[in-house]
Amino acid sequence: VGLHEDDTVESCFNYGNIIGVDSNHEKSTEVGGVVGKNFAVVLYCGNIGTVSAHSFAGGVVAVNYHKMLGLYNGGMVRANEEVGAITSLNESEVEVVRCFYISGTATNGLDVGTPQTADQAYNGTTAYSLNDVGYDKRWAQDGNHPSVALPDGSDAVVHTVTFYGFDSAYYYLAATKHGGTAVTPP
C-alpha cells in the first residue's frame with residue numbers, strides 16, 4: 001500500500017524484496033514493507049523481505065501518523081537516511097503496541113518496537129509475544145519467522161506482484177496468485 005488514509009490495513013505480510021524507485025530510476029522515499037505513508041490503523045502485519053529506498057525506509061511502515069498494533073519485521077531495511085525496522089518516522093503521540101523486529105535489521109535506525117534476537121523469532125518466542133496483545137490471536141510460527149492468519153483463522157493468500165514500470169502516475173501491475181493466472185498490464 002503506497003498511501004494509506006482510510007480504514008485498516010490488517011493481516012498483510014510481505015515475503016518479497018521491495019526497492020522503491022522514482023521516474024528517473026533513482027531510489028525513492030517513503031517505502032515500507034507493507035505501507036509507505038500511513039494515516040490510519042495498521043494491525044497484524046509483517047515483513048521478511050528486504051526494503052530499500054533513498055530515505056524513509058521502514059520494515060513494515062515507512063512513515064507513520066496513526067496506531068500500529070501487532071507488527072513484525074524480520075527483513076533488512078536499507079536507506080541513505082531515515083531508516084527503521086518497524087517504521088522510519090513515527091509521530092510522537094502515536095500508539096505503538098506489540099511491535100517486534102529482529103535486532104540489526106535496520107542499523108542506526110529509529111527504535112520503534114521491541115528488538116528480538118533471531119533465535120527468538122526462529123523458536124516461536126516472537127510469535128507468542130505478538131499474540132499477547134489482548135485482541136485476536138493472529139500470529140503463528142511458519143518456519144523461521146512468525147506468520148499472520150486472516151481474522152477467520154485461515155491462511156492468507158500469497159500473491160506475487162511484479163511492477164512493470166509506470167506511465168505518468170499510473171503503475172501497471174501483474175499479480176500472480178499461486179496456482180492462478182497472471183494478470184497482464186493494459
Side-chain angles (χ1 to χ4, degrees), residues 1 4 7-18 20 29-53 55-151 153 155-156:
V1 179
H4 174 231
D7 290 326
T8 301
V9 172
E10 182 174 8
S11 300
C12 294
F13 202 95
N14 176 52
Y15 293 88
N17 298 330
I18 299 174
T29 64
E30 298 177 354
V31 179
V34 176
V35 177
K37 195 169 196 175
N38 181 50
F39 291 98
V41 178
V42 180
L43 301 173
Y44 314 115
C45 294
N47 170 60
I48 59 171
T50 297
V51 177
S52 300
S55 60
F56 295 102
V60 182
V61 176
V63 176
N64 185 55
Y65 295 97
H66 209 287
K67 181 178 180 176
M68 298 186 299
L69 169 69
L71 306 184
Y72 169 74
N73 180 56
M76 294 302 297
V77 185
R78 298 182 176 115
N80 295 340
E81 52 192 46
E82 309 300 334
V83 62
I86 296 294
T87 184
S88 65
L89 175 70
N90 191 57
E91 182 65 31
S92 62
E93 300 297 319
V94 172
E95 184 178 20
V96 177
V97 179
R98 289 283 187 221
C99 295
F100 297 89
Y101 61 91
I102 294 179
S103 296
T105 53
T107 56
N108 299 319
L110 181 64
D111 292 330
V112 171
T114 304
Q116 301 268 282
T117 65
D119 285 343
Q120 289 173 304
Y122 299 164
N123 70 22
T125 302
T126 303
Y128 178 83
S129 298
L130 282 159
N131 279 331
D132 193 22
V133 175
Y135 300 95
D136 297 331
K137 305 296 184 200
R138 300 282 180 88
W139 291 92
Q141 191 67 18
D142 181 18
N144 290 335
H145 293 279
S147 66
V148 68
L150 297 175
D155 290 334

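Just so you know, these numbers come straight off a predicted model, no measurement behind them.
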Checklist entry - Hey, are the side chains of M76 and V51 touching, using non-hydrogen atoms and a 4.5 Å cut-off? => result no

Item to check | Minimum side-chain heavy-atom gap V83-R78 below 4.5 Å | outcome: no

Checklist entry - Between Q120 and T126, does a side chain to side chain donor-acceptor pair (under 3.5 Å) hold up when you go through it step by step? => result CA-CA 6 Å; Q120 289 173 304; T126 303; 5.5 Å; no

Next on the checklist: Restricting to non-hydrogen atoms, name the atom on M68 and the atom on I86 that form the minimum distance, rounded to 0.1 Å.
Outcome noted: CE-CG2, 3.9 Å

Checklist entry - For the side chain of Q116 and the backbone of G74, is there at least one donor-acceptor N/O pair under 3.5 Å apart? => result no

Item to check | E81 vs F56, side-chain contact (heavy atoms from CB on, under 4.5 Å): CA-CA, chis, key distance, verdict | outcome: CA-CA 7 Å; E81 52 192 46; F56 295 102; 5.7 Å; no

Next on the checklist: To check you understand the geometry: which heavy-atom pair defines the closest contact between L130 and G70, and what is its length?
Outcome noted: CD2-C, 3.8 Å

Checklist entry - Got a second to check how far E91's CD is from H66's NE2, nearest 0.5 Å? => result 11.5 Å

Next on the checklist: What I want to check is whether the side chains of D119 and T117 have a donor and an acceptor closer together than 3.5 Å.
Outcome noted: no

Item to check | Derivation and outcome, side-chain contact (heavy atoms from CB on, under 4.5 Å), residues V34 and V9 | outcome: CA-CA 9 Å; V34 176; V9 172; 4.0 Å; yes

Checklist entry - Any donor-acceptor pair under 3.5 Å linking the side chain of N73 with the backbone of A85? => result yes

Checklist entry - Where do A62 and E30 come nearest, in terms of heavy atoms and distance? => result CB-C, 3.4 Å

Checklist entry - Just by distance, do the side chain of S88 and the backbone of G58 share a donor-acceptor pair under 3.5 Å? => result no

Item to check | Heavy-atom side-chain contact between N47 and Y15 under 4.5 Å | outcome: no

Checklist entry - Can you name the closest pair of heavy atoms from Q141 and Y122 and give their distance? => result NE2-O, 3.3 Å

Item to check | Euclidean distance, F13 CZ relative to I48 CD1, rounded to 0.5 Å | outcome: 5.0 Å

Next on the checklist: Donor-acceptor check, side chain of N17 to backbone of T50, threshold 3.5 angstrom: yes or no?
Outcome noted: yes

Checklist entry - Atom CD in E82, atom OG1 in T29: separation rounded to 0.5 Å? => result 11.0 Å

Next on the checklist: Please give me the minimum heavy-atom distance between I102 and A121, naming the atom from each residue.
Outcome noted: CD1-CB, 3.8 Å

Checklist entry - Between atom OG1 of T114 and atom CZ of F100, what is the distance when rounded to the nearest 0.5 Å? => result 4.5 Å

Checklist entry - So, do C45 and L71 sit near enough that their side-chain heavy atoms are less than 4.5 Å apart? => result yes

Item to check | Non-hydrogen side-chain atoms of V94 and N64 separated by less than 4.5 Å | outcome: yes

Next on the checklist: Please check: side-chain N/O of T87 versus main-chain N/O of N90, any donor-acceptor pairing under 3.5 Å?
Outcome noted: no

Item to check | Any side-chain heavy-atom pair of T8 and V42 under 4.5 Å | outcome: no

Checklist outcome for this item: Scanning both residues in full, the closest heavy-atom pair of N14 with I18 reads ND2-CD1, 3.6 Å

Checklist entry - Do the ring planes of Y72 and H145 sit parallel (below 30°), tilted (30 to 60°) or perpendicular (above 60°)? => result tilted

